[in-house]
Structure formats: structure tokens, C-alpha cells
Protein chains: 2
Amino acid sequence: MADDLDQVFAALADRTRRAILTMLLEDDMAVTDVAEPFEMSLAAISKHLSILTRAGLIAQEKRGRVKWCKLEPDAMRTASVWMQGFGQFEPVNLDAFERFLAVELDNDAQPDAQDL
Amino acid sequence: MADDLDQVFAALADRTRRAILTMLLEDDMAVTDVAEPFEMSLAAISKHLSILTRAGLIAQEKRGRVKWCKLEPDAMRTASVWMQGFGQFEPVNLDAFERFLAVELDNDAQPDAQDL
DNA sequence: TTCATATTCAACCAATTGGTTGATCTTTGC
DNA sequence: GCAAAGATCAACCAATTGGTTGAATATGAA
């Protein structure tokens, strides 16, 4: 029922899942390692990961007993193109992104610190 | 609790709301006119519009008894920048966008046709 | 074989979402 | 003043979401 954009935007509309994507930007990770920084059960993270997978934002590949998660950056393109139609955003401002990313990493990927 | 990105992405994760934004791309509209193409109560559209407003994606201004809705394209910039960090998207491909928009207009803004 | 590790499944729960209907409020036109 | 139009509010409902816990299912290591 829900189209691709529904799933991509819905997947992105959660702080935990965005933090996961940001972590995966650095490197591929196993499910347990993805879960480590969060104050939340492994099962919850597992659910988040399947939502991200269904949206096509990540891919999961099982090797042995470990399931590796890696970013699928292509999946965001359609959504990104959709959004760009609504403003004349200057072509990728990487500086702005780097600054934003730093903040996101502080706020999201270290829930212990933010929840005080 | 939910930060700005939460609200923007959550607002975009709904076909009806995306259709509304697409309609507003053409021109500012009154609430009743926004509601007209949808098979849904005015109250439902009113809720969608307040979600879009809370997310900062549109602004509503009351003139007389009519409330005008207009796009606030700036609000999407932060989200767009966030997304662009995950892929090396070629600088705005307007052709692709135009094609995509045509499809969105057919599928979303004319629910009668799509629901057959 | 046996034990531990990696991950998911299943059932449950509270909160949120997207919709409805009917009442309400404000503004306009006669 | 009064009725109609524009829009929201309030109460409700079913479905979904984001989390929990405990059991189940691999797989790897000893």
C-alpha cells in the first residue's frame, strides 16, 4: 500500500534510525555493534534495522552467525530528488553537512549523554 | 521531544501530505480548496495541514474567514542537506524531478483516479 | 556434544496516527 | 439580525509504532 517514498520518509522520521544510518556511514557493522550505543534492547534495534531494510536504506547480509548491515545510499536518491524540487537548494554544501553531522553524532549516537 | 528532522520526515511520510505540498508548489490555496481533490473530510485535511505547519513545511495565514496555505520551501533544506550526505547525488537533476512530479501529480493529487 | 554468541520471533503494552462525525466559532453577505 | 461559508475542535475508533520480555533459532567454539 505505502509507496517507496512513504517507507523511506517514515524510516527517516526516527532519531534512532537516523543515528544508525549515520553510524553506518563510517563503516559496515554487525547488528550487536549497531545496538551497543543505544539504551534499548537488541530486539528493538533489530526491528529498526528491518524497517531500514524494507525502505531500502540499508542492506543486511548474513555471514556465519553475524548479520552485517551496510548503507545503501542509492535508496535516498528518489526522496532527495523529490525534496529538491521544493527549494532551490545550493548544490551539496558539504561544509554545512559536516557541521550538521557532528551535531547529529553528539545528539543521536550517544543517547547516554543526551538523556541527562 | 521530537526534533525538527523527526517532524519534517514524519510529515513527508504521508502520500496525502506530499500531494498537498505538490499542489501548493503551483499556488497558495485556501484550506477548502486544498481539500477539494481528496476523498476525505475537511477536518482530516485540516489535521494534515497543521502537521505540515508544525513541521514548518507550510505557513498558514488567516485573512477574513479564509485561511491561506503557502509552501515554506526553506524548511526542507536541513532535511535535504542531511540526506545529501548519504550519497553523492548529482547536483539537482531537474529533468528527473519534472518526470517524477508528473507521476506524483497523477497518482496523488487525483485520488479518484488512483483508487479505481 | 555442549555451551555461548548473534539474531529474530511472538506476545504484549502504551502512545501515536489517520480517519470519522457532530458541535462550535468566526466572518461574510443579505 | 440571521443564515451560510470557512475552518477548527472534541470525542471517538481502528491500525500502526516503538518499545518490552522471554522463548526460539541458527552458528561457532571447546
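Naming: A, B, ... by sequence-line order, numbering from 1 per chain. Being a predicted model, the structure only gives us computed values, none of them experimental.
- Linking ILVMFWY side-chain heavy atoms closer than 4.5 Å, directly or via other members, places B:W68 and B:I20 in two distinct hydrophobic clusters.
- B:A75 pairs by the side-chain contact (heavy atoms from CB on, under 4.5 Å) definition with B:L57, not counting sequence neighbours.
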### Message
side chain to side chain contact (heavy atoms under 4.5 Å, CB included), that's the test. Do B:K70 and B:E61 meet it? Break it down for me.
### Response
CA-CA 8 Å; B:K70 72 179 230 276; B:E61 182 199 355; 5.8 Å; no
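- In summary, contact between chain A and DNA chain C, defined as any nucleotide atom under 4.0 Å from a heavy atom of the protein, begins and ends at C:dA4 to C:dA11 in the 5' to 3' direction.
- Considering all non-hydrogen atoms of both residues, B:E72 and B:I58 come closest at CG-C, 3.6 Å.
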### Task
Tell me, with the steps shown, if A:L21 and A:M76 meet side chain to side chain contact (heavy atoms under 4.5 Å, CB included).
CA-CA 11 Å; A:L21 292 175; A:M76 243 180 267; 4.3 Å; yes
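- Atom CG of B:L42 and atom C1' of D:dA4 are 15 Å apart (whole Å).
- Using a 4.0 Å heavy-atom criterion, one finds that B:A30 contacts the sugar-phosphate atoms exclusively.
- With sequence neighbours excluded, no residue forms a side-chain contact (heavy atoms from CB on, under 4.5 Å) with A:R65.
- Follow the hydrophobic side-chain contacts under 4.5 Å out from B:I51 and you never reach B:M23; the two are in separate clusters.
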### Message
Show, in sequence, the C-alpha distance, side-chain angles and deciding distance for B:Q84 and B:S80, and conclude whether the side-chain hydrogen bond (donor to acceptor under 3.5 Å, both in side chains) test is met.
### Response
CA-CA 6 Å; B:Q84 290 184 42; B:S80 186; 3.2 Å; yes
### A:V31 and A:Q60: CA distance, side-chain angles, deciding distance, side chain to side chain contact (heavy atoms under 4.5 Å, CB included) verdict
CA-CA 9 Å; A:V31 174; A:Q60 291 180 283; 4.1 Å; yes
### Task
Could you please spell out the steps behind the side chain to side chain contact (heavy atoms under 4.5 Å, CB included) verdict for B:M83 and A:L12?
CA-CA 9 Å; B:M83 292 183 70; A:L12 294 177; 4.1 Å; yes
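- Rounded to 10 degrees, the angle between the two end axes of the helix from C:dT1-D:dA30 to C:dC30-D:dG1 is 20°, with five pairs used at each end.
- Using a 4.0 Å cut-off on heavy atoms, the residues of residues 45-55 of chain B that approach DNA chain C are B:K47, B:H48, B:I51, listed by number.
- Remark: side-chain polar atoms of A:S46 are not paired, donor with acceptor, to backbone N or O of A:L42 under 3.5 angstrom.
- When the side-chain nitrogen and oxygen atoms of B:Q60 are compared with OP1 and OP2 of D:dA7, none of them lie within a distance under 4.0 Å.
- Cluster annotation: B:V66 is not connected to B:L49 through the hydrophobic network of ILVMFWY side chains, with a link wherever side-chain heavy atoms come within less than 4.5 Å.
- In this structure, B:R15 contributes its side chain and A:L5 its backbone to no donor-acceptor pair below 3.5 Å.
- Close to D:dA5, at under 4.0 Å from its OP1 or OP2, lies no side-chain N or O of B:T32.
- Within residues 61-69 of chain A, the residues approaching DNA chain D are A:G64, A:R65, by heavy-atom distance under 4.0 Å.
- Atom CE of B:M29 and atom P of D:dG6 are 13 Å apart (whole Å).
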